[in-house]
Amino acid sequence: MKQYLDLCQRIIDEGVWVENERTGKRCLTVINADLEYDVANNQFPLITTRKSFYKAAIAEFIGYIRGYDNAADFRKIGAKTWDANANLNEAWLNNPHRRGEDDMGRVYGVQGRAWAKPDGGTVDQLRKVVDNLKAGRDDRGEIISFYNPGEFHMGCLRPCMHTHNFSLLGDTLYLTSYQRSCDVPLGLNFNQVQVFTFLALMAQITGHKPGKAFHKIVNAHIYEDQLELMRDVQLKRDPFPAPRLEINPDITSLEDLETWVTMDDFKVHDYQHHDAISYPFSV
Ligand SMILES: Nc1nc(=O)c2c([nH]1)NC[C@@H]1CN(c3ccc(C(=O)N[C@@H](CCC(=O)O)C(=O)O)cc3)CN21
Ligand SMILES: O=c1ccn([C@H]2C[C@H](O)[C@@H](COP(=O)(O)O)O2)c(=O)[nH]1
């Protein structure tokens, strides 16, 4: 929690105002932040200085794992997070590639599970990484990348957390995740949960011990209409100790994640938190 609060404070103390053309808003911005999560000791990095909706964050990530490309599918498993980008952004609404209500196009999970090859086939990046790790193999390229510049024009948003790189040292699994752009009040609250949970899940389904997850962020920002709430409300609160995440041990394969897993398979223990804060969202 301290590293999150330190980043928020650093943006307020050292941030530079940057105009953002896509949203039409200014962002107070810093470059480069390195966060670490102790998955080995189950120190779940849930924000405690406001109520955090961790089930929606996990649901969003399960949607990526399943290769979803439609906001309605995300809603069905408990995440409303793609409604606005799929249905309210003018540029995407006018994009000829958009296939109707709720379509997100070729974003995140589509790239992770079905990256288009020039010969007409597809690459399932996640399957390859799971199979290798399960066999105890780390070829130093256990990478899942959602970042496909050749198809940016076919999706509603470029991926923000765009690359996940797994590493095996003995029987301990590590994850390094890269994020190009980070909405610290809203997005990071979810992204911390997702990086942690991705390592915990991958360790569980490949039969390894989880180690640390490293989260590397490039552009970390607070939108101008979020600043007051962050500076004068959230940062005035004292954090509580980290809670623990319990994952149903019956989840043992990628197929389990693709088929029957729901948000009831994830429970958080000892979550003490302050009141919710509703931050403005920029489409
Ligand atoms: N401007 C912006 N910030 C983001 O963080 C973001 C995007 N756009 N677009 C794509 C996804 C969608 N994400 C989202 C979208 C909404 C919430 C959100 O509204 N969170 C609320 C309530 C969540 C709930 O009730 O389930 C929160 O208080 O955390 C969070 C992340 C993260 N990403
Ligand atoms: O997982 C996510 C997804 C999105 N965001 C934020 C970061 C930015 O504020 C916007 C995306 O805008 P771009 O103009 O494409 O950078 O969404 C996030 O923090 N986490």
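As the structure lists them, so they are numbered: ligands from 1, and atoms in each ligand from 1.
- Looking at Asn189 against ligand 1, only its side chain comes within 4.0 Å, counting heavy atoms.
- In this structure, atom 19 (O) of ligand 2 lies nearest to the protein heavy atom Asp183 N, 2.8 Å.
- Here His269 and Phe44 keep their ring centres 6.0 angstrom or further from each other.
- Of the heavy atoms in Leu157, only side-chain atoms (C-beta onward) come closer than 4.0 Å to ligand 1.
- Contact annotation for Tyr108 and ligand 2: only side-chain heavy atoms (C-beta onward) come within less than 4.0 Å of the ligand.
- Counting only N and O atoms by type, the side chains of Asn41 and Asp38 include a donor and acceptor under 3.5 Å apart.
- The nearest heavy-atom contact from the protein to atom 14 (O) of ligand 2 is Arg22 NE, 2.7 Å.
- Only side-chain heavy atoms of Asn85 come within less than 4.0 Å of ligand 1; its backbone N, CA, C and O stay farther off.
- Using a 4.0 Å cut-off between a side-chain N of Lys or Arg and a carboxylate O of Asp or Glu, Arg137 and Glu142 do not qualify as a salt bridge.
- The atoms of ligand 1 that sit less than 4.0 Å from any heavy atom of Ser282 are 1 (N), 2 (C), 8 (N).
- Each of Ile222 and Val218 belongs to its own hydrophobic cluster when Ile, Leu, Val, Met, Phe, Trp and Tyr are linked at side-chain heavy-atom distances under 4.5 angstrom.
- The closest protein non-hydrogen atom to atom 15 (O) of ligand 2 is Arg180 NH2, 2.8 Å.
- Counting heavy atoms closer than 4.0 Å to ligand 2, residue Cys160 contributes side-chain atoms (C-beta onward) but none from N, CA, C or O.
- The shortest contact between atom 7 (C) of ligand 2 and any protein heavy atom is with Ser181 OG, 3.4 Å.
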> Between Arg75 and Asp102, does a side-chain contact (heavy atoms from CB on, under 4.5 Å) hold up when you go through it step by step?
Replying inline: CA-CA 10 Å; Arg75 276 198 301 280; Asp102 286 325; 2.8 Å; yes

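- Using modelled atom types, one finds no donor on one side chain facing an acceptor on the other under 3.5 Å when comparing Asn165 with Thr176.
- Two rings, from Phe61 and Phe198, have their centers less than 6.0 Å apart.
- Near Arg158, the atoms of ligand 2 lying under 4.0 angstrom from a non-hydrogen atom of the residue are 15 (O).
- The shortest heavy-atom distance from Arg50 to ligand 1 is under 4.0 Å.
- Ring centroids of Trp82 and Tyr108 are separated by less than 6.0 Å, placing the two rings close together.
- Ligand 2 has an N or O atom lying under 3.5 Å from an N or O atom of His221, backbone or side chain.
- Side chains of Arg98 and Asn87: a donor-acceptor N/O pair is present below 3.5 angstrom, by distance only.
- Taking CZ of Arg113 as the reference point, atom OH of Tyr64 lies at 15.0 Å (rounded to 0.5 Å).
- If you check which protein heavy atom lies closest to atom 3 (N) of ligand 1, you get Asp183 OD2, 2.7 Å.
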>> Run Ser177 and His164 through side-chain hydrogen bond (donor to acceptor under 3.5 Å, both in side chains) and show every step you take.
In response: CA-CA 4 Å; Ser177 297; His164 300 279; 2.8 Å; yes

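- Every atom of ligand 1 with a heavy atom of Gly187 under 4.0 Å away is listed here by number and element: 5 (O).
- Close approach of ligand 1 to Leu186 (heavy-atom distance below 4.0 Å) involves ligand atoms 18 (C), 20 (N), 21 (C), 27 (C), 29 (O).
- The proximity of Phe281 to ligand 1, defined as any non-hydrogen pair under 4.0 Å, is limited to the side chain.
- Shortest contact from atom 14 (C) of ligand 1 to any protein heavy atom: Thr81 CG2, 3.6 Å.
- Tyr223 OH, 2.6 Å is the protein heavy atom nearest to atom 9 (O) of ligand 2.
- Distance screen at 4.0 Å: atom 33 (N) of ligand 1 has no protein heavy-atom neighbour inside the cut-off.
- Defined by atom type and a distance below 3.5 Å, a donor-acceptor pair is present between the side-chain atoms of Lys25 and Ser282.
- Considering every non-hydrogen atom in both Met161 and Val195, the closest pair reads SD-CG2, 3.7 Å.
- Of all protein heavy atoms, the one lying nearest to atom 1 (O) of ligand 2 is Asn191 ND2, 2.9 Å.
- Residue Ala56 places no N or O, backbone or side chain, under 3.5 Å from any N or O of ligand 1.
- Considering backbone and side-chain atoms alike, Trp82 places every N or O at 3.5 Å or more from each N or O of ligand 1.
- Residue contacts with ligand 2, taken as heavy atom pairs separated by less than 4.0 Å, involve Gln179 solely via side-chain atoms from C-beta onward.
- Put simply, Val30 and Tyr223 are part of two different groups of oily side chains (I, L, V, M, F, W, Y) that touch within less than 4.5 Å, one to the next.
- One option in Tyr108, Phe74, Tyr54, Phe53 has a heavy atom closer to atom 22 (C) of ligand 1 than any other, and that option is Phe53.
- Of the candidates Gln43, Gln3, His215, Tyr37 forms a side-chain hydrogen bond (donor to acceptor under 3.5 Å, both in side chains) with just one, namely His215.
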